[in-house]
Each structure stands twice: as C-alpha cells, then as structure tokens.
Amino acid sequence: MTTGQSHRDRDARTHLRCLRFAVALSCLCALLPRCAAAQTPVEFPTTTIFSSERDAEPTTHIVREDKPLTREDDLDQVILLASQATRAAAESIPRAKGAGTFEHRVTKIVDGKPKETVVGRGAFRMAFADGKDFLLLEFTSSDEQHDAEIFVDDGKVIMQSVFSPKIHPHGAKGWIHQRVDEGGHRSLFGPAPHYLARAWAFVDRISKYPPEVTKALHREEDLLVIRLTFEGKGQRMDFFVDPQQEYHIVRFENVGADGKMKLRVHKKWARTDSGLWYVERYEQQAWPEKVDERRNGWRYEFTSYEPNVEISPDEFTVDSIGLPYGARIMDVSK
C-alpha cells in the first residue's frame, strides 16, 4: 500500500517520526564516534572462530581433546544446570538497551567449496522490553549500499525499514513481516535482541526429545558437551557447556548426516556491574548445502549494555522505523 494525499492529517505525526529517526542516528554517532562519525571500517579482532571450511575445526579457544568424565559429571544434572542458567539469564534481564558493532557475512558454494564474504558492517543500537525489540543497524560499508536498516518487533509482526540512495524517490522503503516464533527469528538480522541469551540454547528441551534421540555427555578441554544423535538420520547437535561460567552454553554445533557442519554458534558471556549474565559477543555461521543457496552469518559485539532500564513503549511502534512521508510499506505478513 502507498501513503497518499488522503493522509495529509498524518503529516505532523510523520514529521515527528522522521525527527525520532534523526535523533536515533545522532545518538548512535555520539555513542560510537569511530564507527558512525568517522565513517571508517569497523576494526574487528584479527583472530576468528569462524572458518570458511565447513568441516574445519574452530581456530581459537578450544582444542578438541576428549577427557574422561569425573564422578560429578552426570548427564541429567548437566542438562538441568544448563537449562537453569539459560532461563535465569533471560528472566533476570527482561529489558535492556545497548550499542556496539556488527558484521554480516554470506556463505555460498563457489567451485564446489563454501566461500564466505563480508557483505556489511557497522554499528548497531538496540533495545528490548517484555519480548519486544528495536534494532538499528547503521552501515559503514554495505554491498547493497544501505545507509541504515531498522527492525521493530512489536510482539505481533516485524516491521523493517531500509534507507539507501538507491531507493527512489524517498530514499527509504519498508516491510511488515510475519513473526514466526517467540524469538521473532527470521534470519533477517540474526537473533532478535531479547533472544540473544536463549538463541540456540534450547537445552531445556532435551528431555522432551523422543527415545530414538540418543543423549550422551563427554568432555572437551574444560567444557562439558551434551550430544544429541538422531538415530537413523545420523544428524547430531552438540551443546558446549562451561561449568566455570555457571553452566552457560558457550557454543552450539549442528552436524549433518554427511559429517559436514551445518551451523555453528558462539556466545561470549560477560557480567554486568550488578553481576547479571548477558551475551557480550554473539557469532553465528551457517553453511549452504546446494549451489544456489546462501546462508547468513552474523557477529554482534556490545560496547555498552544497560540492563533493566526503562524503555519507552514508543520504541516498538511503526513510528520507530522512521519512514519519511510517502515512502512505500509492503505488507508481506499474510
């Protein structure tokens, strides 16, 4: 649908909407002058836990070496502790706001091998409260020439806006997407902000799997690994639990029947000044299985994080996607 002349009475409201977006961008520039004001490429660590080879081992942090379990290592107990850690992290911070840097990667099959390419990077600002999310991505580099993208999850739908000089005549357009699950997860921008602590940490569902799913526990260095093997399919899922971080899940891997890695997620946990656990850095990589497929990879790293602060309900409305008057909004949620 297109806003038109019949909506002139919304001019004032739209003007405020544009002002709010401008203020959001200026605040982000103040928080992250190096990324937003200088407009120079974001500096990321030179070491990476990702590899372009889907069956390669992680290159840092963990050396795969199984160690014998101790008498204290009990499968059911580890599952329980990991579940409690996941739920506690989510429940202790029902709302927060923060900012940091992001990187978007795409993996395709090229000449028979996976090839990963960085397609966008920049700075982000986010807020969440009671399962609703706001995310602003401001690009310092973008293959699609995007200046910014905004995502708002109001608990019913996901609203998205894109700002680019390539979009005529208003420099912006928007979409309304279906909200497919509790996490609002559509792989549009990685995990929703409020979902970071729980993303790929559904260890509490392990007890609900049918009997043909084999559960096992082993050690790799200082980590405990809960392994689920799907009999007859050969697929497995590994949950890497760190007892030194109160049994939080720090890594998740999904391996296909062919032994190839399908998905790998890393989460670096940190504590706030008040002792609350949150995900300081989230990294996700997925590998395509067919030549014509592409899979998204994301890295989010916080430079500021404020838990349990008041968040205005206005952050989670259509006004917050900042579309100028006359810009097109496409409803693809039906």
Side-chain angles (χ1 to χ4, degrees), residues 25 28 32 34-36 38-54 56 58-59 99-126 133 135-152 158-168 171-175 177 184-193 195-196 199-200 254 260-267 281-303 321-322 330 332:
L25 289 178
L28 185 58
L32 300 159
R34 180 166 64 87
C35 297
Q39 291 294 301
T40 56
V42 180
E43 295 293 332
F44 287 98
T46 55
T47 57
T48 176
I49 56 177
F50 286 163
S51 169
S52 60
E53 296 297 329
R54 65 189 297 188
T59 56
T101 58
F102 75 92
E103 187 173 84
H104 178 201
R105 302 177 178 187
V106 168
T107 302
K108 299 180 181 179
I109 301 293
V110 178
D111 296 329
K113 294 183 179 180
K115 181 179 180 180
E116 187 181 61
T117 305
V118 176
V119 296
R121 55 161 55 103
F124 74 88
R125 181 175 71 84
M126 71 87 195
D133 296 284
L135 179 65
L136 164 66
L137 304 178
E138 188 179 30
F139 291 86
T140 56
S141 66
S142 169
D143 283 6
E144 297 182 352
Q145 298 181 29
H146 289 177
D147 293 330
E149 293 187 38
I150 300 176
F151 299 89
V152 173
I158 297 176
M159 295 164 281
Q160 176 191 10
S161 57
V162 173
F163 299 82
S164 171
K166 296 196 307 180
I167 303 174
H168 300 288
K173 61 182 177 181
W175 295 266
H177 301 280
H185 196 283
R186 289 188 52 87
S187 295
L188 290 169
F189 52 88
Y195 203 50
L196 281 176
W200 306 111
N254 187 358
K260 299 288 188 179
M261 190 75 67
K262 297 174 65 177
L263 176 71
R264 179 183 289 144
V265 171
H266 281 256
K267 292 191 288 185
R281 185 176 69 232
Y282 176 95
E283 302 183 58
Q284 173 183 322
Q285 186 179 22
W287 286 266
E289 298 180 5
K290 300 177 182 178
V291 174
D292 58 346
E293 288 181 340
R294 55 177 275 168
R295 290 290 184 267
N296 291 309
W298 295 94
R299 181 206 305 264
Y300 283 93
E301 185 159 9
F302 284 95
T303 56
I321 63 174
M330 293 163 281
V332 294

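Quick caveat, the model's predicted, so the values are computed rather than measured.
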Practice task
Go through Thr101 and Tyr300 one step at a time and tell me if the side-chain contact (heavy atoms from CB on, under 4.5 Å) criterion holds.
Solution key: CA-CA 6 Å; Thr101 58; Tyr300 283 93; over 6 Å; no
Practice task
Test Ile150 against Gln160 for side-chain contact (heavy atoms from CB on, under 4.5 Å), laying out the working first.
Solution key: CA-CA 6 Å; Ile150 300 176; Gln160 176 191 10; over 6 Å; no
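Looking at Arg121 and Thr140, their side chains come closer than 4.5 Å, going by heavy atoms from C-beta outward. Counting heavy atoms from C-beta on, the side chains of Trp287 and Lys262 never come closer than 4.5 Å. Between Lys115 and Thr107, every side-chain heavy-atom pair lies at or beyond the 4.5 Å cut-off. The closest side-chain heavy-atom distance from Leu136 to Phe151 is not below 4.5 Å. Between Asn296 and His104, some side-chain heavy-atom pair lies under the 4.5 Å cut-off. Looking at heavy atoms from C-beta onward, Val162 lies in side-chain contact with Trp175 at the 4.5 angstrom threshold. Using a 4.5 Å cut-off on side-chain heavy atoms (C-beta onward), Val332 and His177 make contact.
Annotation: the span from Leu196 atom CG to Asp133 atom CG amounts to 9.0 Å, rounded to 0.5 Å. Taken to the nearest 0.5 Å, the CG atom of Asn254 stands 15.0 Å off from the NZ atom of Lys260. Remark: Ser164 OG to Asp147 CG distance equals 6.0 Å, nearest 0.5 Å. Taking OG from Ser142 and CD from Glu149, the interatomic distance works out to 7.0 Å, rounded to the nearest 0.5 Å. Taken from CE in Met159 to CD1 in Ile321, the straight-line distance is 6.5 Å, to the nearest 0.5 Å. Here the CZ-CZ distance, from Arg294 to Arg105, works out to 14.5 Å after rounding to the nearest 0.5 Å.
Ring geometry for Trp298 against Phe102 counts as tilted: the plane angle lies between 30° and 60°, on a 0 to 90° scale.
Counting heavy atoms of neighbouring residues, nucleotides and ligands inside a 6.0 Å radius, atom CD of Glu144 does not exceed 12 of them.
Separation of the Phe124 and Phe302 ring centroids falls under the 6.0 Å cut-off.
Looking at every heavy atom in both residues, Leu135 comes nearest to Pro193 through CB-CG, 4.3 Å. Shown here for Ala286 and Arg295, the closest heavy-atom pair between the two residues is O-CB, 3.4 Å.
Thr303 places a side-chain N or O within 3.5 Å of a backbone atom of Ala99 that can act as its donor or acceptor partner.
Checked options Gln284, Gln285, Glu283; the residue passing with Arg299 is Glu283 (criterion: side-chain hydrogen bond (donor to acceptor under 3.5 Å, both in side chains)).
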